[in-house]
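Here the structure is laid out as structure tokens; the discussion comes afterwards.
The figures that follow rest on heavy atoms only: side chains count, while hydrogens, waters and symmetry mates do not. Chain letters run A, B, ... following the sequence lines, proteins first, then strands; residues in each count from 1. Since the model is a prediction, treat every value here as computed from it, not as a measurement.
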There are 2 protein chains.
Amino acid sequence: MQHYGHVEKVRLLVVDDDPPIADLVATVARYEGWEAVTANSGEEALRRAAEFHPDIVVLDLMLPGLDGFAVLDRLRLSGTMVPVVFLTARDGVADRVAGLTRGGDDYLVKPFAVEELMARLRTVLRRSAGPAFQRSVLAVADLTMDEDTREVRRGERLLTLTPTEYEVLRYLMRKSPTVLTKAQILDHVWEYGFGGRSNVVELVISRLRRKLDGDGDGTDRNGTDGNGTDGSGTDGSGGDGAGRDGPQLIHTVRGVGYVVRQVAG
Amino acid sequence: MQHYGHVEKVRLLVVDDDPPIADLVATVARYEGWEAVTANSGEEALRRAAEFHPDIVVLDLMLPGLDGFAVLDRLRLSGTMVPVVFLTARDGVADRVAGLTRGGDDYLVKPFAVEELMARLRTVLRRSAGPAFQRSVLAVADLTMDEDTREVRRGERLLTLTPTEYEVLRYLMRKSPTVLTKAQILDHVWEYGFGGRSNVVELVISRLRRKLDGDGDGTDRNGTDGNGTDGSGTDGSGGDGAGRDGPQLIHTVRGVGYVVRQVAG
DNA sequence: AGTTCATCGACAGGAAAACGACAGCTCGCG
DNA sequence: CGCGAGCTGTCGTTTTCCTGTCGATGAACT
């Protein structure tokens, strides 16, 4: 039915017996402009699926009563072809799940990172939308990211990013030119329930900068101005952070967070 | 995407009384951009065939009621020349089937691997597409694979691959330059219902690398790097992973999976 | 100047991947 | 019908390198 790319909102059904988790996912999805409903049991899931007609389903496999596998079977038996993204416990039934991803489905291990889940949902939707091969490429200035091949390049230069770096950058690029707080980045990119409050984000940003701004000594702090609204101001200090590859793209907004964009202002 | 010459979408009819199996096949086919419909009984199959006019049919021989042989007869009697790929149980009527494949049809034993089935479908389609059957040759950099002759070569050198290695490589090449996860590879190349969670994939990749990257001492980790992007950084240091035949083509994307592609710059 | 916030080098624990070695199987050949 | 070769997959070890913590240095704001 509806497909990604369509004008209408994506309809998502989230099935998880842990309400907080289900809500978390639903909330993020709604934030992206999707319509989302949740179900906390297998039975409810089937009921919701029947009336809501989701375009995609997030299904926890460990459900009391009618478990995820059973729900999947019933869904398929009723002729529905909705793509499904499964959630499984770390060491749980991961093996059995593997066999289910052949279709267009996919799966994720709990605890997962929200951005990771959203990324998979988008991918699955894109693929199930038919001749599937429109690639999804994010771009900001001369920085591009191909989500299928995972190739990231600054201009011509191909960058080598670690998984975490890749995730953070993707989130920043996707939201560009919005400024994101460290908390937001932490919440989206790290697994939910990541206790470690630390400067991890700063760390990753630092490493990212070095790689994509080619910037050795970089440290050009410029974006800076105080309050969120970024505004214009900033630069000032001369060097626009050009390390070797052009202007700096990751800017620090002191007291707020980070943003990826061409300098502006 | 993958071309057989058809401009329009391939129309596939899948006949299997086990809905999950039929759906599995249909889903994968749709992924490839085909149009697919399923039928769960012989009667339904004939009905669907009449209205859908498939270009090719996947037909399970063990159907309750009107069985596969009967369905085939009726189809032929009605003048249809659609090529058919049969599915049979491991020890079942394999012999009798042999006699049916004359027309250019083919058959596969259950349980099968999805990629294997898709490969046969493509082959049969190609042959039935007219006398002028172009060969289907996959190529990535100087690595080529002829799906008809099963010849694989790196540059001039002919490689000797075992069945499993061949399948894995074909899947990787077909999807190149997309990064595939181990789960995807496992799901496509191994028979459905292969529970084994193990490092088989890593193993095969390792063996493939040794053969096609000519890599004796191998372990040239270079392409390998973090996520996705690999690449550039590497070169420099002399070894481009070139064992003897050029740059490494199978790259590890840590935390994600594997890709076949030229490092590109 | 003092205080707060950010950057980044260095290090260690640990997760993921590579790979050698071995055993069960299949299949072809004698 | 039995033997042997090659293919596969499991185990366990080794290697690689990703990640987050600490702490010192440096900027920016008040």
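Taking atom OH of residue Y166(A) and atom P of nucleotide dT19(D), one finds them 14 Å apart after rounding to whole Å. Distance CG (L186(A)) to C1' (dG20(D)): 12 Å, rounded to an integer number of Å. Here the C1' atom of nucleotide dA27(D) and the NE2 atom of H251(A) are 18 Å apart, to the nearest Å. Distance CZ (R210(B)) to C1' (dA18(C)): 10 Å, rounded to an integer number of Å. The distance between atom CD of E202(B) and atom P of dC11(D), rounded to the nearest whole Å, is 14 Å. Separating the CD1 atom of I205(B) from the C1' atom of dA16(C) is a distance of 15 Å, rounded to the nearest angstrom. Atom C1' of nucleotide dC8(C) and atom CD1 of I250(A) are separated by 14 Å, given to the nearest angstrom. The interatomic distance linking L208(B) (CG) with dC19(C) (C1') rounds to 14 Å, in whole Å.
Closest to the N199(A) side chain, of the nucleotides dT8(D), dT19(D), dT21(D), is dT21(D). Side-chain atoms of T164(A) lie closest to dT19(D) of the nucleotides dC29(D), dT19(D), dT8(D). Between dC11(D), dG20(D), dT19(D), one nucleotide has an atom nearer to the side chain of P163(A) than all others, and that is dT19(D). Closest approach to the R207(A) side chain among dT7(C), dT19(D), dC22(D) is made by dT19(D) (side chain taken as heavy atoms from C-beta onward). Distance from the side chain of V200(A) is smallest for dG20(D) among the nucleotides dG20(D), dA17(C), dA6(C). Distance from the side chain of T162(A) is smallest for dC18(D) among the nucleotides dC18(D), dA6(C), dA17(C).
Salt bridge status for D60(B) with K110(B): present, with a side-chain N to carboxylate O gap under 4.0 Å. By the 4.0 Å N-to-carboxylate-O rule, E32(B) lies close enough to K175(B) to be salt-bridged with it. Note on D148(A) versus R126(A): salt bridge recorded, some NZ/NE/NH1/NH2 to OD/OE distance being below 4.0 Å.
Comparing the start and finish of the helix from dA1(C)-dT30(D) to dG30(C)-dC1(D), five pairs each, the helix axis swings through 30°, to the nearest 10 degrees.
OP1 or OP2 of dC5(C) has not a single side-chain nitrogen or oxygen of K182(A) nearer than 4.0 Å. Of the side-chain N and O atoms in Y258(A), one or more sit less than 4.0 angstrom from OP1 or OP2 of dT7(C). Put simply, S206(B) has a side-chain N or O that comes within less than 4.0 Å of OP1 or OP2 on dC19(C). In this structure, W190(A) does not reach the dT19(D) phosphate: none of its side-chain N or O atoms is under 4.0 Å from OP1 or OP2.
The base of dC5(C) sits within donor-acceptor range of the side chain of R254(A), with an N or O pair under 3.5 Å. Interface remark: the R209(A) side chain does not form any donor-acceptor pair with the dT7(C) base, using a distance-only criterion of under 3.5 Å.
With sequence neighbours left out, the side-chain hydrogen bond (donor to acceptor under 3.5 Å, both in side chains) criterion links E202(B) to K182(B).
For R209(B) (side chain) and I250(B) (main-chain N/O), a donor-acceptor pair under 3.5 Å exists by modelled atom type. A side-chain donor-acceptor contact under 3.5 Å links R261(A) to the backbone of P177(A).
Checked against R170(A) for a salt bridge (charged side-chain N to carboxylate O under 4.0 Å, His left out), the options E115(A), E147(A), E165(A) give a single hit: E147(A).
The shortest side-chain heavy-atom distance between V85(A) and L59(A) does not fall under the 4.5 Å cut-off.
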